[in-house]
Amino acid sequence: MAVYSPQVIRHILIGLGYLAAEIDPNPDPQFAPWKRNNNSLTDDPTEEAIKKFQKQYSPKLAVNGNADADTRQVMEDTIKGLQNRLKFHGFATNAEIPSDKPFYGPATYQAVKKFQKSQGLTENGIASVEQRQILQQDTLTPNKPQPQAQPKLIDLCLQFKKNPQNPSYIAALNNLQQNLPKDVLHKVTNKWRGTNDQNPEIVKLTNLFTYYDNNNQNHRDALDHLQSQITPAIYKEFINLWNKK
């Protein structure tokens, strides 16, 4: 069994998610970037963290808060298991994490972050129980980023009111007006005015955004109808122009 100092045990407890981490403003490159503390393991947070770890592996371990020989052996086995799974999935090599280094050092920390990134998880270098369970799988499913939701016209309308002279906003609205079929613009105009004209004078979208009043039911109906009639391709072009710097 490896010889573990109190500092190394604390980093194992942090790395496995049992002890709260504090980032070291001046980290030692030989350690993970957490604060180092080589005092005895008798402070309350550390004893509670040891108990959490022991409880995870009871009845094999007595839940007493002492880092006894049995507890240290299970810690070593757990770290080795984590490192082996990280190497199995290609997040580290044997050269980066030798089998005789069962410590939660910088190489293990970085390998865990690579794993977390691949799965869309928070990249904190801490391998929780749930994440260690994921690593037990034979294959991992790469995380596919979800497409970012497009802002709604009502949100853009509020942006416009704060900066109505923004040339990108004006260009986007004028382009949208040109791309929409006349029958759509006719219906938007009638809803905006509360009319039912066959051939109304079409309201300019820049005016619609300028004078939009969310307390006005006609205005809300017009904006909702406009939103529903814009095709994804046209809306994408509109948003690109809107966000152009």
Side-chain angles (χ1 to χ4, degrees), residues 17 23 89-91 110 112-245:
I23 297 297
H89 288 294
F91 299 112
Q110 290 298 334
V112 170
K113 288 186 69 175
K114 289 179 185 177
F115 154 70
Q116 290 169 330
K117 183 176 183 179
S118 78
Q119 299 299 295
L121 302 168
T122 301
E123 298 172 43
N124 58 12
I126 295 173
S128 65
V129 174
E130 294 77 15
Q131 293 182 20
R132 299 200 300 273
Q133 289 172 345
I134 294 173
L135 280 164
Q136 292 302 315
Q137 299 173 11
D138 290 335
T139 57
L140 299 179
T141 303
N143 176 60
K144 294 181 179 179
Q146 296 296 316
Q148 188 174 4
Q150 297 280 29
K152 300 292 185 182
L153 288 178
I154 180 62
D155 301 317
L156 300 181
C157 192
L158 297 175
Q159 287 183 28
F160 183 87
K161 286 180 176 295
K162 293 178 181 178
N163 189 8
Q165 301 304 316
N166 186 311
S168 296
Y169 297 170
I170 295 171
L173 287 167
N174 288 338
N175 181 265
L176 178 61
Q177 182 126 13
Q178 292 172 6
N179 284 330
L180 290 174
K182 278 192 175 180
D183 63 317
V184 170
L185 293 171
H186 283 169
K187 194 158 187 178
V188 168
T189 297
N190 277 323
K191 286 182 175 294
W192 177 262
R193 295 176 180 153
T195 57
N196 193 26
D197 295 341
Q198 293 297 315
N199 191 27
E201 182 180 350
I202 294 173
V203 65
K204 290 183 178 180
L205 295 185
T206 50
N207 287 340
L208 188 151
F209 270 51
T210 298
Y211 299 110
Y212 177 81
D213 180 359
N214 199 47
N215 294 319
N216 187 312
Q217 184 64 52
N218 291 341
H219 291 188
R220 294 202 303 271
D221 289 345
L223 198 65
D224 288 344
H225 182 71
L226 178 61
Q227 181 82 67
S228 70
Q229 296 301 305
I230 306 174
T231 66
I234 291 177
Y235 202 66
K236 182 178 180 181
E237 181 181 355
F238 167 66
I239 293 297
N240 286 339
L241 287 171
W242 185 275
N243 291 327
K244 192 173 182 180
K245 301 298 184 183

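Throughout, residue positions are numbered sequentially from 1 according to the sequence presented. Just so it is clear, the model here is predicted, and its values are computed rather than measured.
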(request) Report yes if the side chains of Phe91 and Ser118 come closer than 4.5 Å at any heavy-atom pair, otherwise no. (result)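 Side chain of Phe91 against side chain of Ser118, heavy atoms only: contact under 4.5 Å found.
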
(request) Taking the side chain as every heavy atom from C-beta outward, state whether Lys114 and His89 have any pair of such atoms under 4.5 Å apart. (result)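 The answer is no; the side chains never approach within 4.5 Å.
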
Taking all non-hydrogen atoms of both residues into account, name the closest pair between [X] and [Y] and its distance.
X      : Y      : result
Leu223 : Phe209 : CD1-CE1, 4.2 Å
Gln198 : His186 : O-ND1, 4.1 Å
Leu173 : Phe160 : CD1-CE1, 3.8 Å
His219 : Asp213 : ND1-N, 3.0 Å
Leu153 : Phe238 : CD2-CE2, 3.8 Å
Gln177 : Leu205 : OE1-N, 2.7 Å

(message) Quiz question: by atom type and distance under 3.5 Å, do the side chains of Asp221 and Gln217 form a donor-acceptor pair?
(response)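 Yes - a donor-acceptor pair under 3.5 Å links their side chains.
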
(request) State, without any angle test, whether Tyr212 and Asn214 hold a side-chain donor-acceptor pair at a distance under 3.5 Å. (result)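 Side chains of Tyr212 and Asn214: pair found under 3.5 Å.
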
(message) Set out, in order, the CA-CA distance, both residues' side-chain angles and the distance that settles side chain to side chain contact (heavy atoms under 4.5 Å, CB included) for Val188 and Leu208, then state yes or no.
(response) CA-CA 10 Å; Val188 168; Leu208 188 151; 3.8 Å; yes

(message) So does Val203 get a backbone contact from the side chain of Thr189, meaning a donor-acceptor N/O pair under 3.5 Å?
(response)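 The answer is yes, because a donor-acceptor pair under 3.5 Å joins these two groups.
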
(message) Counting only heavy atoms not in Gln136 (residues, nucleotides, ligands), do more than 12 fall under 6.0 Å from its CD?
(response)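 Correct, the count exceeds 12.
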
(message) How about NZ on Lys161, more than 12 heavy atoms from neighbouring residues, nucleotides or ligands closer than 6.0 Å, or not?
(response)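 Yes.
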
[X] side, atom [atom1]; [Y] side, atom [atom2] - distance, nearest 0.5 Å:
X      : Y      : atom1 : atom2 : result
Leu121 : Phe115 : CG    : CZ    : 5.5 Å
Trp192 : Asn216 : CH2   : CG    : 7.0 Å
Lys113 : Asn124 : NZ    : CG    : 8.5 Å
Leu140 : Leu135 : CG    : CG    : 6.5 Å
Leu241 : Asn175 : CG    : CG    : 5.0 Å
Gln119 : Gln131 : CD    : CD    : 9.0 Å

(message) Between Arg132 and Val129, is the side chain to side chain contact (heavy atoms under 4.5 Å, CB included) condition met? List the steps.
(response) CA-CA 5 Å; Arg132 299 200 300 273; Val129 174; 3.5 Å; yes

(request) For side chain to side chain contact (heavy atoms under 4.5 Å, CB included), just list the numbers for Ile239 and Leu156, CA-CA rounded to whole Å, side-chain angles, deciding distance to a tenth of an Å, and then say yes or no. (result) CA-CA 9 Å; Ile239 293 297; Leu156 300 181; 3.7 Å; yes

(message) Determine whether Asn240 and Lys236 satisfy the following criterion, side chain to side chain contact (heavy atoms under 4.5 Å, CB included), listing intermediate values before the conclusion.
(response) CA-CA 6 Å; Asn240 286 339; Lys236 182 178 180 181; 4.0 Å; yes

